[in-house]
Peer 1: 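One structure follows; several queries about it will come next.
Naming: A, B, ... by sequence-line order, numbering from 1 per chain.
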There are 2 protein chains.
Amino acid sequence: MLSKKTKYGIKALTYLAKQENKNPVAIATISKSENISLKFLETILLTLRKNGILGSKKGKGGGYYLLKSPSDIPMTTVMRILEGPISMVPCVSLNFYEKCDDCPDENACSVHRLMIKVRDNTLDIFRNTSLADLCKC
Amino acid sequence: MLSKKTKYGIKALTYLAKQENKNPVAIATISKSENISLKFLETILLTLRKNGILGSKKGKGGGYYLLKSPSDIPMTTVMRILEGPISMVPCVSLNFYEKCDDCPDENACSVHRLMIKVRDNTLDIFRNTSLADLCKC
DNA sequence: ACAAACCCTATAGATTTAGTAGATTAATAA
DNA sequence: TTATTAATCTACTAAATCTATAGGGTTTGT
């Protein structure tokens, strides 16, 4: 299941991507428009900033803005920052790999093989979907 | 992320599917072979039985066995019983649908549209993979 | 100076996960 | 019939994660 953090984060990014100019948008503005708790959104946008997706401007007239063009932000990047691994099991993850305690041999594991398929398909979607694609309504 | 419950459940089902005859297999046997905590596996197999996947026999020589041929058990069924919804968001789920609190219009929601794509792909894999397919090593 | 707005850390409540304990029931074999 | 084996069932708990919220601090524009 997708966490609210990820869901809200994507919604906020979409909101920013729809902006015509690159002017900073205040958290409160996004919060009201998307029905997201202000303080929660604050922490979400902060992590997006720390991970190089967003820039920010402090003080009056400040807010958050995209650092790149929406078409240059693939959903793989967004998902990994907000949700973590794209794979359903760590032993199949490309960026967050971890060995399973119980499996003596990964290649012999039925779950492993199945989840590789799922990961490949999901990854394919996220790789080929940019933030710009999400705005096309 | 896939829960251990689901992971262990699938492993246990695969173990049973690999059995040549339809004789019941004791929980302890599966538990040892697959390195799964006995008591935890107990509850997992119980839910699989209650959901019509497994049959059981008590007493000596008892245990669990598959009620159908492995090729007649699609992974969609298994996943829904063990893991719940296949979708990443409830507003996109076929079998566990729930409206989002924050979304006034689903069709306008970028997350919704993206997650429909992911669901369709994942669903496709699970529909076209049976327990029998998992045994082919 | 002052207000707007982001920055940062901590924490609390709710929920889920992963597993445990222990008594009970049913089937089999001797 | 009795002992043994193995599933059944209820209830509980410890740990982790999620979903926020609190409460300041800092920066900026006017």
Peer 1: Kindly compute the distance separating CG (A:L46) from OH (A:Y64), expressed to the nearest 0.5 Å.
Peer 2: 4.5 Å
Peer 1: Do NZ/NE/NH1/NH2 and the carboxylate oxygens of A:D124 and A:R127 come within less than 4.0 Å?
Peer 2: no
Peer 1: Mind checking if A:I27 touches a base, just sugar-phosphate, or nothing, with heavy atoms under 4.0 Å?
Peer 2: sugar-phosphate
Peer 1: For DNA chain C, which consecutive runs of 3 or more Watson-Crick or G-U pairs (each distance under 3.5 Å) count as stems?
Peer 2: C:1-30 with D:1-30
Peer 1: At under 4.0 Å, does any side-chain N or O of A:Y64 touch on OP1 or OP2 of C:dA5?
Peer 2: no
Peer 1: First locate atom CZ of B:R119, then atom CG of B:L114, and finally report the distance between them rounded to the nearest 0.5 Å.
Peer 2: 12.0 Å
Peer 1: Choosing from C:dT28, D:dT19, C:dG19, which nucleotide comes nearest the side chain of B:K4?
Peer 2: C:dG19
Peer 1: Can you tell me how far the OG1 atom of B:T43 sits from the CG atom of B:L38, to the nearest 0.5 Å?
Peer 2: 10.0 Å
Peer 1: Would you give the length of the straight line joining atom CD of B:E34 to atom SG of A:C103, rounded to the nearest 0.5 angstrom?
Peer 2: 8.0 Å
Peer 1: Go through D:dA20, C:dT28, C:dC7 for me and flag the one nearest to the B:K57 side chain.
Peer 2: C:dT28
Peer 1: At under 4.0 Å between heavy atoms, how does the protein contact nucleotides 8-16 of chain C? Give one character per nucleotide, 5' to 3', with B, S or -.
Peer 2: B--------
Peer 1: Within this structure, what is the CG-to-C1' distance between B:L45 and D:dA7, rounded to whole angstrom?
Peer 2: 10 Å
Peer 1: Rounded to the nearest 0.5 Å, what separation is found between the CD1 atom of A:I125 and the CD1 atom of B:I116?
Peer 2: 11.5 Å
Peer 1: Roughly how many Å is it from CD1 in A:I30 to P in C:dA5, rounded to a whole number?
Peer 2: 12 Å
Peer 1: Can you check the B:K60 NZ to D:dT2 C1' distance for me, whole Å?
Peer 2: 13 Å
Peer 1: Rounded off to whole Å, could you give me the CZ-to-P distance for the B:F40 and C:dG19 pair?
Peer 2: 5 Å
Peer 1: Are any of the side-chain nitrogens in B:D120 or B:K117 under 4.0 Å away from the carboxylate oxygens of its partner?
Peer 2: no
Peer 1: Could you tell me how far apart A:E83 (CD) and D:dT17 (C1') are, to the nearest whole angstrom?
Peer 2: 12 Å
Peer 1: Which nucleotide sits closest to the side chain of B:A26: C:dT28, D:dA7, C:dG19?
Peer 2: D:dA7
Peer 1: Taking everything shown except B:K22 itself, do over 12 heavy atoms lie less than 6.0 Å from its NZ?
Peer 2: yes
Peer 1: Take the protein atom CD1 of B:I44 and the nucleotide atom P of C:dG19, then report the distance between them rounded to whole Å.
Peer 2: 8 Å
Peer 1: Within the pair A:S56 and C:dA5, is there a side-chain N or O less than 4.0 Å away from OP1 or OP2?
Peer 2: no
Peer 1: Any ion pair linking B:D102 and A:K7 (charged N to carboxylate O, less than 4.0 Å)?
Peer 2: yes
Peer 1: To the nearest angstrom, how far is A:L38 atom CG from C:dA4 atom C1'?
Peer 2: 13 Å
Peer 1: To the nearest Å, give me how far apart NZ (A:K58) and P (D:dT28) are.
Peer 2: 6 Å
